[in-house]
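In the text below, chain A, chain B and the rest are named by the order of the sequence lines, each starting its count at 1.
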Protein chains: 2
Amino acid sequence: MSSCDLCVVRNRAICASLDAKELEALNAIGRTRKITPGESLIWEGEDSVLVANVIEGVLKLSTNTEDGREQIVGVVYPSDFIGRPFGGTSGHGVTALTEAKVCVFSRRDFDAFAREHPALEHKLLERTLGELDRTRRWMLLLGRKSAAEKMASFLLEMTERLGGNGCKLSFENPLQRQLTLPFSRQQIADVLGLTIETVSRQFTRLKNEGIIDLPSRRDVIILDMEALAAEAG
Amino acid sequence: MSSCDLCVVRNRAICASLDAKELEALNAIGRTRKITPGESLIWEGEDSVLVANVIEGVLKLSTNTEDGREQIVGVVYPSDFIGRPFGGTSGHGVTALTEAKVCVFSRRDFDAFAREHPALEHKLLERTLGELDRTRRWMLLLGRKSAAEKMASFLLEMTERLGGNGCKLSFENPLQRQLTLPFSRQQIADVLGLTIETVSRQFTRLKNEGIIDLPSRRDVIILDMEALAAEAG
DNA sequence: CGGTCAGTTGAATAAAATCAAGACTTGTGG
DNA sequence: CCACAAGTCTTGATTTTATTCAACTGACCG
């Protein structure tokens, strides 16, 4: 029995395409690894040496300009795949936002395994197509939305994404949801293409208007989901 | 002999993964179609009914906010694949920028064919991974770059992309390249997340500084590639 | 209790958007 | 072939928006 049988993302990650025997073979070329917040797994610009599945935690994908400005280009959750298979260099760094556990593979080993298992490649293709859709939708936000619209869109996206992924999210009242953000203010700014001050001002405005409450730095309670959706543009 | 044998993108599109017999089968479920500038092949939000390969021309992928602001989220060239295989709705419209020729398939037919041809799915996966990389790089531009940096980056990207794809591009002087843009000023604005006025002002500034010349609306001659690269950030 | 770090708030500034004309292209019909 | 109309692009003046700079507040930790 391979350790994958106990894996919490076994049926959601790309591994779901494999039978017991294949899974054992995949398990043989991978190993799990823990990552602490702020620690990086992959660096921007280096050539792709490893790929991984996220088991636990949240990680950011980010790129930087030469002079140090950062843009977060993606956020990954449990069952998501990270890294760049089939050659090339990694266009973005991968860094943990929370305590995280990943299942890593050498890219060469993974590539070879994938090419022999079309069902795995198919899962990976579906996942990649979905990620491309999501990324393109985010471009509309970056290119065309105001700070207020960006914040509202961000909070709505978080509400969706943090469901069920081991992140706290209460549903007692369907219109009043609490979420614990895996981001600092600066990181939210880096997701939205804003400055930390603008993000902060938007938070206080939303609070003053009674749309959200902020019990602590990382916690947000959405008091008026309708109003938030109306602001998202 | 199938008509694919005469296809100019035969060896660059995902079809390159197929042998003569397979290609004939694919040819049987597809048909070529011409599109005129401004005409759409796919509309945002409708469920995915067709996919296609670009044979000739340039097309834009775009999304709009409810109130009509537009963001171009991708630009496709000959040999590129368009559409959303494997279910779901299309997150963006696809519209011709120039006269274009595409090879279209019903999505259902294509999906079935792809699942029986792992080599084709592999090509599609590589293409999709590449497109995702490119899209994420563009997010840095949208979220973090100034108007000047955006314009310089855009012109550099165009210089790369318009090479060899049937678009005019002269190389007599390696440092002085002429390109014919497939975009109007408004479309450039929609790619960069700017207004048409800002784009226009950046063009005249670059011209005044001797970095480019503008022989006509759609033509740009890059006089100082170094300076342009330095401005791209 | 002081020190550090993250976040907030305010005032001044800068950047790009908006508003408003005007100029140049392109195409059309007389 | 010219005149004119429509559309596209440019330019200028003004306003808006978000950034920048700077000070301050509160939380957490030894």
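Atoms SG and CZ, on A:C103 and A:R10 in that order, are 12.0 Å from each other to the nearest 0.5 Å. To the nearest 0.5 Å, atoms CD (A:Q71) and CG (A:L142) are separated by 5.0 Å. With values rounded to the nearest 0.5 angstrom, A:L97 atom CG is found 8.5 Å from A:Y77 atom OH.
Rounded to whole angstrom, the span from the NZ atom of B:K150 across to the P atom of C:dA15 amounts to 14 Å. Following rounding to the nearest Å, A:Q187 (CD) and C:dA6 (P) show an atom-to-atom distance of 10 Å. Here C:dC24 presents its C1' atom at 16 Å from CG of B:D219, a figure rounded to the nearest Å. Atom C1' of nucleotide C:dT8 and atom CZ of A:R185 are separated by 9 Å, given to the nearest angstrom. Distance, B:R217 CZ to C:dC24 P: 11 Å, rounded to whole Å. A straight line from CG of A:L214 to P of D:dG26 spans 15 Å, rounded to a whole angstrom. Summarising the geometry, the separation between CZ on A:F183 and P on C:dG7 is reported as 13 Å, rounded to the nearest angstrom. In this structure, CG of B:L181 is placed 16 Å from P of D:dT8, rounded to the nearest angstrom.
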CA sep, side-chain torsions, deciding dist, call: B:R144, A:D190, salt bridge (charged side-chain N to carboxylate O under 4.0 Å, His left out) = CA-CA 9 Å; B:R144 291 296 183 207; A:D190 291 339; 2.9 Å; yes
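DNA chain D lies under 4.0 Å from at least one heavy atom of each of the following residues of residues 139-149 of chain A: A:S146, A:A147. For DNA chain D, the residues of residues 189-205 of chain A within the heavy-atom distance limit of 4.0 Å (strictly under) are A:G193, A:L194, A:T195, A:E197, A:T198, A:R201, sorted by number.
In plain terms, the two heavy atoms of A:A96 and A:T36 that are nearest each other are CB-O, 3.5 Å. In terms of heavy atoms, B:K101 sits closest to B:K34 at CD-CE, 4.0 Å. Smallest separation of non-hydrogen atoms from B:K145 and B:E149: CA-OE1, 3.3 Å.
Proximity of a side-chain donor or acceptor of B:T98 to a complementary backbone N or O of B:V58 within less than 3.5 Å is detected. Remark: the backbone N or O of B:L228 is not paired with any side-chain donor or acceptor of B:E231 at under 3.5 angstrom. Using modelled atom types, no side-chain atom of A:T198 and backbone atom of A:L194 make a donor-acceptor pair closer than 3.5 Å.
With axes fitted over five pairs at each extremity, the angle between the ends of the helix from C:dC1-D:dG30 to C:dG30-D:dC1 is 30° (10° resolution).
Ring centroid separation for the pair B:F81 and B:F105 does not come in under the 6.0 Å cut-off.
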